[in-house]
Amino acid sequence: MGLLEDLKERIVIADGAMGTLLYSHGVDRCFEELNLSKPDDIIHIHEAYMAAGAEVIQTNTYGANYIKLARYGLEDEVKTINRAAVKLAKQAAANHAYVLGTIGGLRSINKSSLTIEEIKRTFREQLYVLLHEDIDGLLLETYYDLEELKTVLTIARKETDKPIIAHVTLHDVGVLQDGTPLADAIVQLEQLGADVVGLNCHLGPYHMIRSLEEVPLPTTAFLSAYPNASLPDYRDGRLVYETNAAYFEETALSFREQGVRLIGGCCGTTPKHIEAIARALKDRTPIHEKTVKPRRTVVSVQEVEQENEPPLQEIVRKRHSVIVELDPPKKLGITKFLEGAKALKEANIDALTLADNSLATPRISNMALGTIVKQQLGVRPLIHITCRDRNLIGLQSHLMGLHTLGITDVLAVTGDPSKIGDFPGATSVYDLSSFDLIQLIRQFNEGLSYSGKPLGQKTNFSIAAAFNPNVRHLDKAVERLEKKIRCGADYFISQPLYSEQQMEEVYEATKHLEAPIYIGIMPLTSARNADFLHHEVPGITLSEKIRSRMASCANNPIQSAREGIAIAKSLIDAAFDLFNGIYLITPFLRYEMTVELAHYIHEKEQAAQEREVLHG
């Protein structure tokens, strides 16, 4: 008989965590490499689980793929490590347990960190090695991203008729991170050829059972569950799982009632947990019918009334629009900042953009200043949000806070890495890329959190994205814009340009895009400022002509400022007929410069309208 035949007749017990036991013994390096350097340790763990009652064991290959092994310089050892893992598992099993070749998911919350093509290449390399070693089946586990699991499952099903177990992993009860209900995901996996479908990791027994309550028995496949021992605690620099084995004995019966036929354990579980499960389910037959709880009613999502102001992407499509960046101060005290914000409001700008600790330098919170200028001055704030400083939890909290404050205009950017700022040893988070952040904000606009959980209200964020045209291959930059539009970007704000010719090149390269562009212009203040921007600020390039013009008045601060204004006005002239949106960047809180430029743009707009009337 094979595994699937056994599952037709009875509940089958699988093993628990490999990494947890290795970690508890002080191993804190690549677990998969131990197949080569500590083979006896791996065999002993397999044997311990079998002694506890496991009839199915998995190879120590969860992260034995090119991408994960490359972190340890072991990317050339994929074949060797996987082959060794199967050999060790088979030696331990000695024909008394089924051996599953394990392949773990690669994507987590940062979906765009790996392309599907990269995943396919990596998966195939590991898959072919495991299949060549004649395993009894495949275990695809810890897949947060349904697209990834469906992709690799499709590949595996074409390559083998051996049993395939496909496990998704949930952030929240009953729903995948893309909002797909668990019951729907299981149907999709069954249709793609999975023989066993279910859950592993992240959730403990309680939440995993609640998730399965909404899942009908599959038509042809079998249900499985590999819960974590509990939520982990963090003590003395180590993760600790508290759940005792007796609790697993109790919950094993509940898993049976939900139709689970293959049951094991994930993070935090040990042979004691598996022994408890085996004891509870000894001589228990699987159920053939179950009462399915109605899927949790989706919480109604309230539409929030939009303010009278149309979003910036609509304004800039109809007329010339000016937005101005005014950096939050690096020191406490906002008197000069508010003076600048007030002067810019009087210059009739459409929005004041506030960077999020630009150049990785601590500044007063842009959300705090945005709230102040909105409430006290009636200025529309456009808040930059970086991926650098907040993890996925913090980003969602930040977005909810902005919505609650009535701030709806945001710019999603990756953010300069911490190493270039005042505190180079600070951690750069980057849970999400700018593409992922744009998608997250769009999902908030649909009333859903990252995990697919209803937020209770739909946000109405207008989503700006960054555009860096100062690159060698402009076509590649435009491809990024197109991808950001697909992710949900409404319009773009560019890095500053310092060339009339470059303005025309950017226009020609982007004129097919539906999303409008605010073209960046930043007045120079001195020759030193020009040299710094050219040589040291990523994404900004100045022509030799402009640097020479600034150098000619290097010893005269007043003349330098006037020359910087003159250069900016010539750039505005070049941009005016090509782009409706102008993004002025205020240098060093010298708002009088951007006030003058804003007036200049409005004068050009008025003159253009008058000419249109005369010739109309």
Side-chain angles (χ1 to χ4, degrees), residues 11-28 31-32 34 41-42 44-60 62-63 97 100 102 104-105 108 139-144 165 167-174 182 198-213 223-258 260-282 451:
I11 297 172
V12 176
I13 310 302
D15 58 2
M18 173 71 70
T20 295
L21 294 185
L22 294 170
Y23 187 67
S24 68
H25 294 152
V27 177
D28 194 13
F31 293 150
E32 291 78 13
L34 299 179
D41 291 356
I42 305 302
H44 291 158
I45 290 174
H46 286 318
E47 291 174 340
Y49 278 120
M50 291 176 59
E55 306 159 272
V56 174
I57 61 174
Q58 56 182 295
T59 57
N60 181 33
Y62 171 78
L100 300 179
T102 298
S108 56
L139 173 59
L140 310 178
E141 67 167 11
T142 321
Y143 283 82
Y144 286 92
I165 297 96
H167 281 171
V168 297
T169 301
L170 309 181
H171 292 295
D172 196 26
V173 174
L182 174 61
L199 297 164
N200 83 288
C201 205
H202 196 73
L203 303 180
Y206 174 77
H207 290 105
M208 200 169 278
I209 290 166
R210 284 184 59 199
S211 297
L212 290 169
E213 287 173 350
L223 282 179
S224 59
Y226 284 42
N228 278 5
S230 65
L231 294 174
D233 193 9
Y234 192 69
R235 297 181 191 166
D236 300 323
R238 297 182 69 81
L239 294 174
V240 179
Y241 291 87
E242 288 290 356
T243 301
N244 58 44
Y247 178 61
F248 261 56
E249 186 169 351
E250 297 170 15
T251 57
L253 297 175
S254 297
F255 278 112
R256 172 186 174 273
E257 291 169 4
Q258 296 310 317
V260 170
R261 297 201 186 198
L262 176 65
I263 181 169
C266 203
C267 300
T269 56
T270 67
K272 289 184 178 180
H273 294 86
I274 301 306
E275 184 178 14
I277 293 172
R279 184 165 55 247
L281 297 177
K282 184 180 181 182
S451 67

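Quantities reported herein were computed from a predicted structural model and do not represent experimental measurements.
Note that CG of Leu170 and CE of Met208 are 7.0 Å apart. Values are rounded to the nearest 0.5 Å. A distance of 11.5 Å separates CG of Leu182 from CD of Glu213, quoted to the nearest 0.5 Å. The distance from the CD atom of Gln258 to the OG atom of Ser211 is 10.0 Å, given to the nearest 0.5 Å. With rounding to the nearest 0.5 Å, the separation of SG in Cys267 from CG in Leu203 is 11.0 Å. Between atom CG of residue Leu21 and atom CZ of residue Phe31 there is a gap of 10.0 Å, rounded to the nearest 0.5 Å. Asn200 CG to Ile165 CD1: the interatomic distance, rounded to the nearest 0.5 Å, is 11.5 Å.
For the pair Thr269 and Phe248, the minimum side-chain heavy-atom distance is below 4.5 Å. Considering only heavy atoms from C-beta on, Val260 stays 4.5 Å or farther from Ile11 through its side chain. For the pair Leu199/Val168, a side-chain contact is recorded, criterion being any heavy-atom separation below 4.5 Å from C-beta on. Glu141 has its side chain within reach of Thr102: a pair of non-hydrogen atoms, C-beta onward, lies under 4.5 Å apart. The side-chain heavy atoms of Ser224 and Ile263, taken from C-beta on, include no pair separated by under 4.5 Å. You'll find the side chain of Ile45 stays beyond 4.5 Å of the side chain of Asn60, heavy atoms only. Contact of the Leu34 side chain with the Asp41 side chain is not registered, since no non-hydrogen atoms from C-beta on lie closer than 4.5 Å. Two residues are said to be in side-chain contact when any heavy atoms from C-beta on lie closer than 4.5 Å; Ile42 and Met18 meet this criterion.
Panel note: side chain Glu32, backbone Gly63; a donor-acceptor pair is recorded below 3.5 Å.
Taking both residues in full, the closest heavy atoms of His46 and Gln58 are given as CE1-O, 3.1 Å, listed atom of the first, atom of the second, then distance. When all heavy atoms of Ser451 and His171 are compared, the closest pair comes out as CB-CB, 3.9 Å. Considering all non-hydrogen atoms of both residues, Leu262 and Val56 come closest at CD1-CG2, 4.2 Å. For the residue pair Asn228 and Pro205, the shortest heavy atom distance occurs at O-CD, 3.3 Å. Among all heavy-atom pairs drawn from Gly204 and Pro227, the shortest one is C-CB, 4.0 Å. Residues Gly53 and Ala278 approach most closely at CA-CB, 4.3 Å, considering heavy atoms.
Partner of His167 under the ring-ring contact (aromatic ring centres under 6.0 Å, His included) criterion, out of Tyr144, Tyr226, Tyr62: Tyr226 alone.
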